[in-house]
Amino acid sequence: MLDAKIPKGKLEDKWTEYKGHCKLVNPANKRKLEIIVVGTGLAGASAAASLGELGYKVKAFCFQDSPRRAHSIAAQGGINAAKNYQNDGDSIFRLFYDTIKGGDYRSREGNVYRLAEVSANIIDQCVAQGVPFAREYGGLLSNRSFGGVQVQRTFYAAGQTGQQLLIGAYQALERQVALGNVTMYTRHEMLDVVVIDGKARGIVCRNLITGELERFFGHAVVLCTGGYGNVFYLSTNAMGCNVTAIWKAHKKGAYFANPCFTQIHPTCIPVSGDYQSKLTLMSESLRNDGRIWVPKKQNDTRKANEIPEEERDYYLERRYPAYGNLVPRDVASRAAKERCDAGYGVGTSKQAVYLDYASAIQRYGKAEAHKHGIDNPSPEQIKQMGDEAVKEKYGNLFDMYEKITGENPYEVPMRIYPAVHYTMGGLWVDYELMTSVKGLYALGECNYSDHGANRLGASALMQGLADGYFVIPYTIGNYLADEIRTPVIPTTHPAFEETEKNVAERINKLMNIQGTETVESLHKRLGKIMWDKCGMSRNAEGLKEAIEEIRALKKEFWSNVKIPGSVDEFNPELDKAGRVADFIELGELTCIDALQRDESCGAHFREDHQTPEGEALRDDANFMYVSAWQWKSNDEWELHKEDLVYEEVHPTQRSYK
Amino acid sequence: MEHYNMNLTLKVWRQRNSKEKGRFETYKVENISSEMSFLEMFDVLNDRLITEGKDPIAFDHDCREGICGMCSMYINGKPHGPWKANTVCQLHMRAFKDGDTIVVEPWRAKAFPVIKDLVVDRSAFDRIIQAGGFISVNTGNAVDANAIPIEKENADKSFAAAACIGCGACVAACKNSSAMLFVAAKVSHLALLPQGSPERKTRVVSMINQMDKEGFGACTFTNACEAACPKEILVTNIARLNHEYMMASFESDK
């Protein structure tokens, strides 16, 4: 049984207790300790900046051309914090409870409570850095609602919240670079972890411009490398998002937890053709004002605007009157799939539902007219004022929709369908965010810790920044305090030599295959297996097939992939090949995990485990644990379990009705 | 909207690395759907080139939703192509018609050396930020977020400037390869907020100095940057930058 090292004591005292008793490193010693941070999204940039501020010598790495490009930048809707500025009943406990419940009781109480506790500090920190959150006319911060909650606790900057938060963290990071506390390595991809005497001591990277392999030492290594949704090929992730860094760590001994918990986001722009390279999210914030519906008649071929009100099925409002369009993501996604599978889907593919702003435009238009003292506004005036109000709130999202689809969402309802978005699973970490390898940490989306089987909207940004700004600065000290006598290990150490040799051999092996199928094509085939058999709903038979198919695909990849160019140059196809090879192995483990977890919970929906209403049916007696997989050898893993103990909340069947 | 397919001629800048000389190569692509994105058209072409045993065209891209700022193609003489307020990754093929010839080049500026084909080195932007594009506040030092109310108008203007994605289209569009709009956006973002006030003078001076050091040209106010900016950053920010710079220079006692 795995021990997460949760501090003893009352839930609300655990973090205070921990901070009061963890070991500290004095300033003179901090200057001698080196820390490697891989990835510069919200978790990585905030961690690197904060650790640099503390006086550690930090080396930060990203594969993009600048740390500011990390995919946190694309987060749209907002960031949660238990500020209760709206006086609507919010509190740390509510945020904690909503997150545990939203995650369908598969996350750790201690971690989640700490997350809720530091959430308020994040907003303070970001405002101090100059993050331009949306404000009211009185000059104070504005809030909105997100799925799975009944309060307004989401802070936002139009539809660009992730961008503004990342720029804040990026600027803090660049400030530390200027001060000499952080050395930044861009266009560098981590290809392995160096472990010496059971402790993480460095990494081997490929310089993506020259192709050279480079070695870096650190007293500790912090991975902040994001999610692995691209295992499905099509997802809302950036093209470069990958599992490679954490997969290498996994193969060096870090357990991989709950890989099958993948969030399928309900509101994305539907697939339009085979050439499609990625899917685009339409922010969850749109469910604040938009109404989701399908025709009441099957295979209705009329245009949306021709279908009268009484012939529309607002199925979320019908099924979940208490939360309506703001049910959690897993629930909304499954409901959309259910309607489309039953023949009520819209658009040419019939794999879409409507997200309609007509009534919001009317409502805002009338309110604006009233504000301007217009007593009998004409329908045209209402529409125009309503359009303006909606534009102020969601303008950039509407523009994006129009660019991609060529349709104007102010006039016709948007068509949306669920798509792979976020991965709740990741490297197993304890309360201190340390993986099962000493001195190796995982922060943000790349760890498993806070979101259980389903993440609530606007909580990813919160977790990334909580881990980077407010958790790791304390917990890493508790480890490094015992490392002050460890001298800098030269990168000529045999462990570095050997790790680099293995990395080089694998690259050469890939280059020498010289087969006939492109990396992209093999990646697409992996994605199709994953989406069809390990996507929004899963069954044992399909998962068994998927495992076999992925194993066959792995053989094909290693005998038939075609990579152009050479090793010692800028070669994006080679980079991609390495990532896809890792995705194939992860895909296999994901299906094994989904097969082993013979229950439904949150985003993991096994068809044979559902309530009569079609909701996910948990099996708490047998599966109230975190599955942490240890890599043994090719196609072989050993399962370790961490029991989830609920002291404060009582798991029940989740209800949003 | 009607979907259609098209055949196109592409003239693409190919350059092996920063040292070798580049040249245009011509490619024909067929049956391109109007629903594809411009980069997906490049994916299709690259897939073909790889299968034919040729070197695929290197180009920068990542989020493909117009926000990361990584994509950077100069299309038919315009950074990010023909659509207004847009990035290449969001440009869709319905912007073109059957039989068109499309010329694709990298950003061209002394401060953005070519790495390969359409990929350039924009690390100069990071160094400009390092020179002062931040507020010096260590983690843990912050007061309550609502302790300082900020006039909505200023907060909105600050946000509009902060929307810059650092792609460098402004530099590519400018005949002088000036980075003034990029620097102006950052200076404005921070100068419009009370939190940015203490470092206002030092920030603007050191960012401008770094900009000059990187080899960006001077601003002659042709507004080409604003026209090309995918996030519609206004040139009035440059006016604010000049004002900030002058005030800092006059008031400086150093």
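Hydrogens, waters and symmetry mates play no part in the numbers below; they use all other heavy atoms, side chains included. Labels below follow one simple rule: chain letters A, B, ... track the order of the sequence lines, proteins then strands, and each chain is numbered from 1. Everything quoted here is computed from the prediction, not taken from an experiment.
Looking at B:K186, only its side chain comes within 4.5 Å of chain A, counting heavy atoms on both sides. Both the backbone and the side chain of A:D65 come within contact range of chain B, judged by heavy atoms closer than 4.5 Å. If you measure heavy-atom distances from B:L192 to chain A, you find no contacts under 4.5 Å at all. Heavy atoms of B:A163 lying under 4.5 Å from chain A belong to its backbone as well as its side chain. At a 4.5 Å heavy-atom cutoff, the contact between B:I150 and chain A is made by backbone and side-chain atoms alike. Looking at B:R16, only its side chain comes within 4.5 Å of chain A, counting heavy atoms on both sides. Proximity to chain A involves both the backbone and the side chain of B:I50, based on heavy atoms less than 4.5 angstrom apart.
Using a 4.0 Å cut-off between charged side-chain N and carboxylate O, A:R187 and B:D60 make a salt bridge. Of the charged side-chain nitrogens involved, at least one lies within less than 4.0 Å of a carboxylate oxygen, so that B:K152 and A:E392 count as a salt-bridged pair.
Note: A:C126 SG to B:Q195 CD = 11.5 Å, rounded to the nearest 0.5 Å. Rounding to the nearest 0.5 Å places CD1 of B:I67 at 8.5 Å from CD of A:Q76. B:N17 contributes atom CG, which lies 11.5 Å from atom OG1 of A:T210 (distance to the nearest 0.5 angstrom). Considering CD of A:E569 and CG of B:D55, their distance stands at 6.5 Å, rounded to 0.5 Å. Interatomic distance, B:D126 CG to A:L173 CG, rounded to the nearest 0.5 Å: 9.0 Å. In this structure, the separation between OG on B:S136 and CG on A:L179 is 7.5 Å, given to the nearest 0.5 Å.
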* To do: With side-chain contact (heavy atoms from CB on, under 4.5 Å) as the test, would you mind laying out the steps for B:F125 and A:S66 before giving the verdict?
  => CA-CA 9 Å; B:F125 272 10; A:S66 164; over 6 Å; no

* To do: With side-chain contact (heavy atoms from CB on, under 4.5 Å) as the test, would you mind laying out the steps for A:T186 and B:R122 before giving the verdict?
  => CA-CA 11 Å; A:T186 59; B:R122 285 168 288 188; over 6 Å; no

* Does the side-chain contact (heavy atoms from CB on, under 4.5 Å) test come out yes or no for B:T51 and A:K562, once each step is laid out? -> CA-CA 8 Å; B:T51 311; A:K562 187 177 177 68; 5.5 Å; no

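Closest of all the heavy-atom pairs between A:K278 and B:E40 is N-OE2, 4.1 Å. Between B:L193 and A:G130, the shortest heavy-atom distance links the atoms CD1-O, 3.3 Å. Nearest heavy atoms, B:D62 versus A:G240: OD1-N, 2.8 Å. Of all heavy-atom pairs between B:A162 and A:P132, the closest is CB-CG, 3.9 Å. Shown here for A:Q125 and B:N141, the closest heavy-atom pair between the two residues is OE1-N, 4.0 Å. Nearest heavy-atom pair, A:F570 versus B:A58, reported as atom, atom and distance to 0.1 Å: CE2-CB, 3.8 Å.
Of all the listed residues (A:I73, A:I404, A:L281), the one sharing the greatest number of non-hydrogen pairs under 4.5 Å with chain B is A:I404. Contact tally against chain B (heavy-atom pairs below 4.5 Å) for A:T280, A:V177, A:L166: the top residue is A:V177. Top candidate by heavy-atom pairs under 4.5 Å with chain B, chosen from A:K403, A:Q176, A:M184, is A:K403. By number of non-hydrogen pairs under 4.5 angstrom with chain B, the leading residue of A:M400, A:E520, A:H71, A:R68 is A:R68. Your options are A:E53, A:R175, A:R135, A:Q171, and the one with the most heavy-atom pairs under 4.5 Å with chain B is A:R175.
Formation of a donor-acceptor pair under 3.5 Å by the B:N146 side chain with backbone atoms of A:L141 is found in this model. A distance-only check finds no donor-acceptor pair linking the side chain of A:D124 to the backbone of B:A142 [under 3.5 Å]. Looking only at distances, no side-chain donor or acceptor of A:Q129 sits under 3.5 Å from a matching main-chain atom of B:V137. Checked by atom type and distance alone, the side chain of B:R64 never pairs as donor or acceptor with a backbone atom of A:N237 at under 3.5 Å.
Atom OH of A:Y474 is surrounded by 12 or fewer heavy atoms from other residues, nucleotides or ligands within 6.0 Å. Within a 6.0 Å radius of CG in A:D274, other residues, nucleotides and ligands contribute 12 heavy atoms or fewer. Within a 6.0 Å sphere centred on NZ of A:K19, heavy atoms belonging to other residues, nucleotides or ligands number more than 12.
Inspection of the B:D144 and A:Y85 side chains reveals an N or O donor paired with an N or O acceptor under 3.5 Å.
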